[in-house]
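Just so you know, these numbers come straight off a predicted model, no measurement behind them. We name chains A, B, ... by the order of the sequence lines, and we start the count at 1 in each one. Only this structure's heavy atoms are used, side chains among them; waters, hydrogens and symmetry mates stay out.
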Amino acid sequence: MSRILLLQGNQAVVEGAIAAGVKFFGGYPITPSTEIAEQLADRLPKVGGKFMQMEDEIAGLGAVIGASMAGCKVMDATSGPGFSLKQEMLGMACSAEIPLVLVNVQRVGPSTGQPTSPSQGDVMQTRWGTHGDHWLIVLSPASVPETFDITLRAYELSEKYRCPVIILMDEIVGHMREKIVLPDDYSKIPQAQRKGPSKKPEDWKAYATDASLVPEFAPYGTGYRWHITGLVHDETGFPKGTPAATIAAQDRLRDKLMKHLDDIVTVENYKMEDAEFAVVAYGGASRSVYEAVDMARKEGLKVGFFRPITIWPFADKQVKALAGKVKGILVHELNDGQYVLEVERAVAGKVPVHFYGKYDNESATPEQVLAAIKKAMA
Amino acid sequence: MSEALINKYFRPGRLPHIWCPGCGNGIITGAIVKAIDKQGLAKDDVAIISGIGCSSRASGYLDFNTANTLHGRALPIASGLKMGNPKLHVIVVTGDGDASAIGGNHLIHAARRNIDLTVVMYNNSIYGMTGGQYSPMTPHGAKATTAPYGNVERAFDIPELVKASGATFVGRGTTFHTLQLIDLIAQGIAHKGFSFIEVVSACPISFGRQNKMGGPAKMLEWQRDHGVMKAAWDKMTAEQRAGKFPIGVLYEDNNTQEYTEAYDELIKRAQGGK
Ligand SMILES: Cc1ncc(C[n+]2csc(CCOP(=O)(O)OP(=O)(O)O)c2C)c(N)n1
């Protein structure tokens, strides 16, 4: 049986997290993500889970890492300034391979910016926010129902690949209310689970891997006494900083994701079959693009919409294929030009890449996107 | 430390440690191990979570569930771990800078929650790992590489800070009074709630040399001559106390509910129980 509900994107995150089996939330309130914390404070104890409002955003992600070390599925949610504060912890989670799901409901920045206005100004920060080469997964939903699905998917990916997964939302999707159909009973939803140890403690190495390149995880307190460090470490988990050990560690962290792009990267193609021109957009900015494409079609323009759902790692293969298919591309973002740089890199001059950025605290209307399409096609 | 204890609690192949000759870190780490042994805890049930610094390197040498986390951030991670698995005895190993500067906010809030963690703060009065900059525990007037004219800042009275923040067990020991130190840490582990033990230690290289302390043995003698047992301290006048500090159990409260227990009751309430 299912229920038909009218929910905010932030509420859909909460439903997705509960359905995925989240057992711990640590965080600090900040607009426009606060509803996630408020509702998990209410929901988690009912399912035997725990909620902690920490003293700041750093501590929020720290507590989440600690609970994940105990084997719990965990969540943290934040926005703008809070996301900036979490970067060091995020790097540690990448290095030590701690599964966690972190929601960033973007607001306008830099600094305090505009707390309740939409922006997609953090898209590069989700990729490069913490220092050093690192790899993680970022997913961006464009609707309330998709937010629920993406939250489930975030747990699948973070547990499977043992890396942080960021759900990159924006004020539009976070606060917008939409119809959503949810199952009555979440117990039938498959529960993602990190791979446990296949050997006895004395034979087990914390960061040894098989062909998947993903190490096995033993929750703290289960007889496997291993060591976590953010220092460069070898398969034993203990620090080792030789050039060879450093390369081996870094390459594996990269390859465990980059060798599984077919599993990780998803995109949506909307009216792309016969398209001669494509709009590329993601998250909340997509909302006006669907309608703009429909309007363009009515005018006889063969326009389609290519929407990355997995934002990072980048849909390189798919964008290259796109460049071989259409005559031109328009990237639309609610910022002054971030993801467009990555699209340009992948397209590599094969077809013109145009940009329509909006960074005036409001999303574009379909008419504005249509005008940008027409200008780019002219 | 006995061969048997080393073999039982230190990870094979991880020694020798990185600490300088004369450093107090080995004494404190040994005291932690002896306290755990004294309490008869199973190794699988103990977690040692540290921040970053010379002292925080201790976690890697010890054969428990361990983590050498981020500078100042051991406490939030330890708090989440304790919430995730309340059966674990979680011991936090931290330096004076780690705990009281970059991690100071986490320290007062973990104390306020009265979450069942045992914090052992290795106080060498200086930033050891980065080579001798002043910390919030560097005495006023002392020299540091970033205080070449003497430290203009004043040090925390860290037991008072932690007590005022809500900690329910507060103690101070030194690396000279080792038997008392083992006992203090053992009591901290046994205490249900947030326990904090400051350990006055020596960094002969990065603090001692700059401040002409006369080397490791002299620095231990300094601890002997300046640390005063709490019972004696209580009888001393303000004049007699000048320049000295009390050691032992400084504060204990066994009537305040521990955080993870309180949270378990909250869960029962949320689920409709009483
Ligand atoms: C965020 C951050 N800032 C600064 C440092 C550099 N750093 C490493 S250890 C340390 C101070 C260590 O002093 P203390 O905590 O007293 O420990 P000790 O080394 O004396 O045991 C500093 C400043 C760091 N690792 N991370």
Check side chain to side chain donor-acceptor pair (under 3.5 Å) between B:N7 and all other residues, then give those that pass, not counting sequence neighbours.
none
Check the pair B:L107, A:E55 against side-chain contact (heavy atoms from CB on, under 4.5 Å), reporting the backbone distance first and the verdict last.
CA-CA 10 Å; B:L107 179 65; A:E55 52 274 19; over 6 Å; no
CD1/B:I77 to CG/A:L61 distance, rounded to the nearest 0.5 angstrom?
8.5 Å
Audit row: B:R73, A:E88, side-chain contact (heavy atoms from CB on, under 4.5 Å) steps and yes/no
CA-CA 10 Å; B:R73 316 297 175 198; A:E88 192 193 12; 4.2 Å; yes
More than 12 heavy atoms of other residues, nucleotides or ligands under 6.0 Å from OH of A:Y155: is that the case?
yes
With respect to chain B, which residue among A:W226, A:F24, A:Y224 yields the maximal number of heavy-atom pairs within a distance under 4.5 Å?
A:W226
Roughly how far, to the nearest 0.5 Å, is the CZ atom of B:F64 from the NE2 atom of A:H227?
13.5 Å
Check each atom of B:R112 against the heavy atoms of chain A and say whether the ones under 4.5 Å are side chain, backbone, both or neither.
neither
Residue by residue, which of residues 35-49 of chain A have a heavy atom closer than 4.5 Å to a heavy atom belonging to chain B?
A:P45, A:K46, A:V47, A:G48, A:G49
Options B:L75, B:L70, B:I49, ranked by heavy-atom pairs under 4.5 Å with chain A, top entry
B:L70
Could you go step by step and tell me if A:M54 and B:H106 meet the side-chain contact (heavy atoms from CB on, under 4.5 Å) rule?
CA-CA 9 Å; A:M54 298 301 288; B:H106 306 313; over 6 Å; no
Counting only heavy atoms not in A:K205 (residues, nucleotides, ligands), do more than 12 fall under 6.0 Å from its NZ?
no
Would you say A:Y220's side chain and B:D44's backbone share a donor-acceptor pair under 3.5 angstrom?
no
Output the option from A:L231, A:V64, A:V74 having the highest count of non-hydrogen pairs under 4.5 Å with chain B.
A:L231
Can you list, pair by pair, the side-chain donor-acceptor contacts under 3.5 Å of residues 19-33 of chain B, counting residues two or more places apart and other chains?
residue	atom	partner	partner atom	Å
B:W19	NE1	B:C54	O	2.8
B:T29	OG1	B:N25	O	2.7
B:T29	OG1	B:Y122	OH	2.8

Looking at B:K43, I'd like to know if its NZ atom is crowded, meaning that more than 12 non-hydrogen atoms belonging to other residues, nucleotides or ligands lie closer than 6.0 Å.
yes
To the closest 0.5 Å, what do you measure between CD1 (A:I228) and OG1 (B:T66)?
8.0 Å
Are side-chain heavy atoms of A:M52 and B:Y263 found at a separation under 4.5 Å?
no
Write out, in numerical order, the residues from residues 79-95 of chain B with a heavy atom short of 4.5 Å from a heavy atom in chain A.
B:S79, B:G80, B:L81, B:M83, B:G84, B:N85, B:P86, B:L88
Of the backbone (N, CA, C, O) and the side chain (C-beta and beyond), which part of A:P219 lies under 4.5 Å from a heavy atom of chain B, both, or neither?
neither
With respect to chain B, which residue among A:G230, A:G223, A:G91, A:S68 yields the maximal number of heavy-atom pairs within a distance under 4.5 Å?
A:G223
How far apart are the C-alpha atoms of A:D56 and B:H109, what are their side-chain angles, what is the distance that settles it, and do they pass the side-chain contact (heavy atoms from CB on, under 4.5 Å) test?
CA-CA 10 Å; A:D56 60 29; B:H109 288 280; over 6 Å; no
For residues B:Y259 and A:F51, report the shortest heavy-atom separation together with the two atoms involved.
OH-O, 4.3 Å
Side chain, backbone, both or neither: which part of A:M69 has an atom under 4.5 Å from a heavy atom of chain B?
both
Is a donor on one side and an acceptor on the other found under 3.5 Å between the side chain of A:R225 and the backbone of B:D63?
yes
Name the member of B:A42, B:S59, B:A47 that forms the most heavy-atom pairs with chain A at distances under 4.5 Å.
B:S59
Just checking A:K240: does its NZ atom have more than 12 heavy atoms from other residues, nucleotides or ligands closer to it than 6.0 angstrom?
no
